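For reference, the structure is listed below as structure tokens.
Computed over heavy atoms, backbone and side chain alike; hydrogens, waters and symmetry mates excluded. Along the sequence shown, the residues carry numbers beginning at 1. Small disclaimer: the values here were computed from a predicted structure and weren't measured.
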Amino acid sequence: MTLAEARVGFAVCGSYCTFSQVFPVLEQLTEQCLSIQTIFSERAAQMNTRFGLAAEFLARAEQYTGCAPILTIRDAEPIGPKKLLDVLIIAPCTGNTLAKLAAGITDSSVTMAAKAHLRNGRPLVIAPSTNDGLTTSLRNLGELAVRKNVYLVPFRQDDPVKKPASLVADMALIPSAAQAALEGRQLQPVLLAPNT
């Protein structure tokens, strides 16, 4: 299956500083894919930050996809039994969500969407963005990297000098990583050279 033929889930977590990189990719995907359903974590759906207003991001997602984002655990649960998605992308995926996915904790719309989707043996694509990627979150990232049907968007240290433990996916690689995942392979290389 090609990405253009796929029913894509696009889950957004609260790494607000990466929204400026993630939303152009979401818009690009809506022009390429059969259908896209967004899912917002509760924090991403409600919190206004210096990076923008939550309501504006929700409105953009609905404008791009033509459908309202999923915002609750209850509304995310049918993704599994109804087999609504061919691939689910979590971008950005925070350290908090990485930890919950690694531990099997399902207490948010995004983690429920992932759990429901994975029960069908379909690919989950994770684009990490966390300031503790090389410390506390490293164990969780490693745990997810070896799980069946879980794929990573290639990532790097985004600022090795000022934030030496921080990792962020190259969001421009989301479409390529999702296509590779649909083919059952991990996009390589997973580790990218740091930004200079």
Side-chain angles (χ1 to χ4, degrees), residues 7-19 21-22 26 36-49 51 54 57-58 61 68-155 158 163 165-169 171 174 177-178 181-182 184 186 190-191:
R7 296 167 302 157
V8 177
F10 199 103
V12 179
C13 298
S15 179
Y16 309 100
C17 62
T18 61
F19 282 16
Q21 299 162 45
V22 167
L26 174 60
I36 296 191
Q37 173 63 64
T38 55
I39 302 109
F40 277 68
S41 73
E42 289 75 357
R43 298 292 185 270
Q46 297 171 3
M47 193 172 292
N48 298 323
T49 72
F51 300 102
F57 289 117
L58 292 170
I70 290 173
L71 305 177
T72 66
I73 291 173
R74 184 191 66 213
D75 292 339
E77 189 275 335
I79 287 170
K82 293 185 178 180
K83 299 182 179 178
L84 297 178
L85 305 175
D86 298 306
V87 60
L88 174 58
I89 300 161
I90 303 178
C93 185
T94 61
N96 185 48
T97 298
L98 285 171
K100 290 177 181 183
L101 291 171
I105 296 170
T106 308
D107 67 349
S108 75
S109 52
V110 171
T111 55
M112 174 54 82
K115 175 184 176 179
H117 175 71
L118 284 170
R119 78 180 240 179
N120 296 319
R122 296 178 178 173
L124 172 65
V125 179
I126 297 172
S129 178
T130 175
N131 285 328
D132 65 358
L134 291 176
T135 54
T136 311
S137 288
L138 186 58
R139 176 187 306 186
N140 301 320
L141 192 58
E143 170 66 31
L144 292 167
V146 299
R147 291 231 183 124
K148 186 176 182 180
N149 298 317
V150 176
Y151 301 89
L152 299 172
V153 176
F155 56 88
D158 59 323
K163 299 190 297 181
S166 182
L167 294 177
V168 66
M171 301 305 174
I174 290 171
L182 284 165
Q186 170 63 54
V190 178
L191 299 176

Q.
Test your reading of the model: is there a side-chain donor-acceptor pair from Asn140 to the backbone of Leu98, 3.5 Å cut-off?
A. no
Any Gln186 side-chain heavy atom under 4.5 Å of Leu152 side chain
yes
Could you tell me whether Arg122 atom CZ has more than 12 heavy atoms of other residues or ligands within 6.0 Å of it?
yes
- Task: Kindly indicate whether the side chain of Phe51, heavy atoms from C-beta on, has any atom under 4.5 Å from the side chain of Thr18.
- Result: no
Could you go through residues 85-94 and list every donor-acceptor pair under 3.5 Å that involves a side-chain atom there, pairing it with any protein atom two or more places apart or in another chain?
unit_1: Asp86; atom_1: OD1; unit_2: Arg7; atom_2: NH2; d: 3.1
unit_1: Asp86; atom_1: OD2; unit_2: Arg7; atom_2: N; d: 2.7
unit_1: Asp86; atom_1: OD2; unit_2: Arg7; atom_2: NE; d: 3.2
unit_1: Thr94; atom_1: OG1; unit_2: Thr97; atom_2: N; d: 3.1
unit_1: Thr94; atom_1: OG1; unit_2: Thr97; atom_2: OG1; d: 3.2

Rounded to the nearest 0.5 Å, the OH atom of Tyr151 sits from the CD1 atom of Ile126 at a distance of 12.0 Å
### Task
Check for a donor-acceptor pair, side chain of His117 on one end and backbone N or O of Pro123 on the other, with a separation under 3.5 Å.
yes
(request) Before giving the answer on side chain to side chain contact (heavy atoms under 4.5 Å, CB included), spell out for Phe155 and Val190 the whole-Å C-alpha distance, their side-chain angles and the decisive distance to 0.1 Å. (result) CA-CA 6 Å; Phe155 56 88; Val190 178; 3.5 Å; yes
Residue pairs passing the side chain to side chain donor-acceptor pair (under 3.5 Å) test with at least one member in residues 73-85, sequence neighbours excluded, are Thr72-Asp75
CD1 (Ile39) and CD1 (Ile70) are apart, to the nearest 0.5 Å, by 5.0 Å
Applying side-chain contact (heavy atoms from CB on, under 4.5 Å) to Lys148 and not counting sequence neighbours gives none
Sequence neighbours left out, cut at 3.5 Å: what donor-acceptor pairs do the side chains of residues 102-116 make with other protein atoms?
unit_1: Asp107; atom_1: OD1; unit_2: Lys100; atom_2: NZ; d: 3.0
unit_1: Asp107; atom_1: OD2; unit_2: Lys100; atom_2: NZ; d: 3.4
unit_1: Ser108; atom_1: OG; unit_2: Val110; atom_2: N; d: 3.4
unit_1: Ser108; atom_1: OG; unit_2: Thr111; atom_2: N; d: 3.1
unit_1: Ser108; atom_1: OG; unit_2: Thr111; atom_2: OG1; d: 3.0
unit_1: Ser109; atom_1: OG; unit_2: Phe40; atom_2: O; d: 2.6
unit_1: Ser109; atom_1: OG; unit_2: Glu42; atom_2: OE1; d: 3.4
unit_1: Thr111; atom_1: OG1; unit_2: Asp107; atom_2: N; d: 3.2
unit_1: Thr111; atom_1: OG1; unit_2: Ser108; atom_2: N; d: 3.1
unit_1: Thr111; atom_1: OG1; unit_2: Ser108; atom_2: O; d: 3.2

query: Counting only heavy atoms not in Arg147, do more than 12 sit closer than 6.0 Å to its CZ atom?
result: yes
Hits for side-chain contact (heavy atoms from CB on, under 4.5 Å) against Lys163, two or more places apart or cross-chain, chain-then-number order -> Asn131, Asp158, Asp159, Ser166
Report yes if the side chains of Phe57 and Met47 come closer than 4.5 Å at any heavy-atom pair, otherwise no. no
Residue set satisfying side-chain contact (heavy atoms from CB on, under 4.5 Å) with Asp132, at least two apart, ordered chain then number -> Thr130, Thr135, Thr136, Ser137
